[in-house]
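By convention in this document, chain letters (A, B, ...) are assigned in the order of the sequence lines, proteins followed by strands, and residues within each chain are numbered from 1.
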Amino acid sequence: MRRSRAFIPTTKEAPSDASLASHIYLSRAGFISQVASGLYSYMPLAKRVIKKIENIINEEMAKAGAEEVELSFVTPAALWQESGRIEKFGKELLRFRDRKENLFVLGPTHEEMMVDMVRNRITSYKQLPINLYQIKTKFRDEARPRFGLMRGREFIMKDGYSFHASIADMDREFDAMETAYKKILTRLGLDFRIVEADSGAIGGSGSKELMVLAGSGEDTIAVCSKCEYGANVEAAKRSGRVSIPEAPVAEFNKFKTPDIKTIEDLENFFKVDGYYTMKCVAKRAVYEEDSEIVLFFIRGCDTLQEVKAQNATGALDIVDVSEEELCELGLIAGFIGPLEQDKAKHVIDIDLKDAKNMICGANEEDYHFVNVDMSVLGQAYFADIAAVNEGDSCPYCSGKLSFTKGIEVGHIFKLGTTYSSTLKAEFLDENGKAQPFVMGTYGMGVSRLVAAVIEQHHDEDGCIWTKETAPYMVNIMISNIKETAQVSLGEELYEKLQARHVEVMIDDRKERFGFKMKDAELIGFPYTIVIGKELENGLVQIFDRKTKESVSVNKDEVFDEIMRLL
RNA sequence: CGGGGUGUAGCUCAGUAUGGUUAGAGUACCUGGUUUGGGACCAGGGGGCCGAAGGUUCGAGUCCUUUCACCCCGACCA
């Protein structure tokens, strides 16, 4: 492509609302253009990057034996009613009616559509397994889109769905997809981690997220210092504390603790570590029909992990409760304990099971119990509800957990029969018996990957595209287009590189050297061949965007040299 | 969905407290000239329904009302 003819509107200044590097540079370098909140148009450079990412996905999916399809973007609301997700998704589903007043939604994900396509067409175990995917625009009417391509309302996603006759076969495919996704992200040149995740409302027996490590990521993940373990904090497990403080010595007793309501107060009053105190976090668990107050008990040094808490109760949502609501139940905030009290449902953190030497509220104003032995609560309901802390020990080895930030670029689920059951998608097994398909689903955010690459590969001058993602690999910069020798060498290289199918840009604009260099750095071509002053001595320079180093090369050797680098 | 903020030239923003020339700057763009290794310089030029609609006033970018859009913090996010 000739830069003089290309539509690449670069600017010196970023839109005032952009804060993320990817948002700033993709805007400044003329990749994307915002049209409304969460809606972006892809300009030529972005379109090229997207195609490259899609090609890599297609190649790896083909190797893994998945077939590409394309489902319609406009989906009948009836399918969403059938699966029950029209309520679950709520306002995120963009709904509208056609001229005949039939209700439709813009597809935010395509489980229903895919199941609908397969059901009644795949009817025997002999036709299984199959794995179908598409790369397509999705729409979710997010309450708050932000960060450019990172969280748009309209975005491009690769979504794959596999159908199996057994759980074992689904597990096998799940692992195969994990491997394929690893290859894709590795080829894209990304530093990533595969972590255990909360399956959320989609359900299923397990899920993993693919996290691109970046400080600007919206997710916090806990990773082990020694082994491969990593998990989203929403799902992270631990085996307890690495070092346990010395236990206080006391007899079981009810102790007067006037106006001692917070964990900090307790620590100071009893001169004891928060580890040996117990706090109660009261929440209202909201179910489809009704709601109830649930008391979550965790160690004083821990915090409640709300996603875990929600999963433990099976609630659709958990919300805060006021002191007045607790009062109505006869509970006094600051003095609530799990002993001798059944005014509300209890959920106790698993780390408190059989804990000894504990201090907890006595359910009486200004009184706490000391030296409580939790094993007396034999039948109580224990669950993992506490957030892991940095420094907690790994659930699988002796390593320590630490936190890092990640961008969720993929999420793979073992769905099981969740959708096939409700949508009545069945096949006949070896015994001629109807069975719902066992399914897996595999998502990868394509447009988000564009942003993720830049989050991980940029500097103060702009984008640094990796070899597999660069919109153009080589930029030929003619310093002064009035110098015919420079022009003719540039044109010659341009022809030769094109003949070898190298993606090449030639900057033939009537601009000064500095202007063109800044522009090339902002766009982020991996290599720029600078044809300039040194040509008098038979030399040109190859500028490496990543290292910002230039090496002088004889003009007759530059073609071979650049081909060697690619 | 709660709280906050901003809408003036393609872009970044002044101007609005206290209403009053023809609404400004930088940048980008066009013309001519000089420059040509790190976003050049000089001269000239085009470009605005001051987000929209109502109102107050002799007079509104500026005051009042309504509304729309966008952004930020939070809640939410298969």
Q: Between A:R144 and A:E218, just flag the one whose closest nucleotide in RNA chain B comes earlier from the 5' side.
A: A:R144
Q: Under a 3.5 Å cutoff, is there a donor and acceptor pairing between the side chains of A:S162 and A:E173?
A: no
Q: Check whether the side chain of A:K482 and the base of B:rU36 form a donor-acceptor pair under 3.5 Å.
A: yes
Q: Can you tell me if the side-chain N/O atoms of A:S16 get under 4.0 Å from OP1 or OP2 in B:rC13?
A: yes
Q: Per the side-chain contact (heavy atoms from CB on, under 4.5 Å) rule, which among A:N480, A:V540, A:L539, A:D507 passes with A:I531?
A: A:V540
Q: If we require ring centres under 5.5 Å and near-parallel planes under 30°, does A:F513 stack on B:rG37?
A: yes
Q: In Watson-Crick or G-U wobble terms, both distances under 3.5 Å, what is the partner of B:rG47?
A: none
Q: Pairing check on B:rG19: which nucleotide meets the Watson-Crick or G-U wobble criteria with it, both distances under 3.5 Å?
A: none
Q: Is there a side-chain contact between A:K12 and the phosphate of B:rU27, meaning an N or O under 4.0 Å from OP1 or OP2?
A: no
Q: Where does B:rA75 fall, syn or anti, if syn means a chi angle no more than 90° from 0?
A: anti
Q: So, does the side chain of A:R509 form a donor-acceptor pair with the base of B:rG39 at under 3.5 Å?
A: no
Q: When you compare the side chain of A:L497 with that of A:F559, does any pair of heavy atoms fall below 4.5 Å?
A: yes
Q: In whole angstrom, what separates A:D459's CG from B:rG38's P?
A: 19 Å
Q: Looking at A:R2, A:R3, A:K516, which hits salt bridge (charged side-chain N to carboxylate O under 4.0 Å, His left out) with A:D508?
A: A:R2
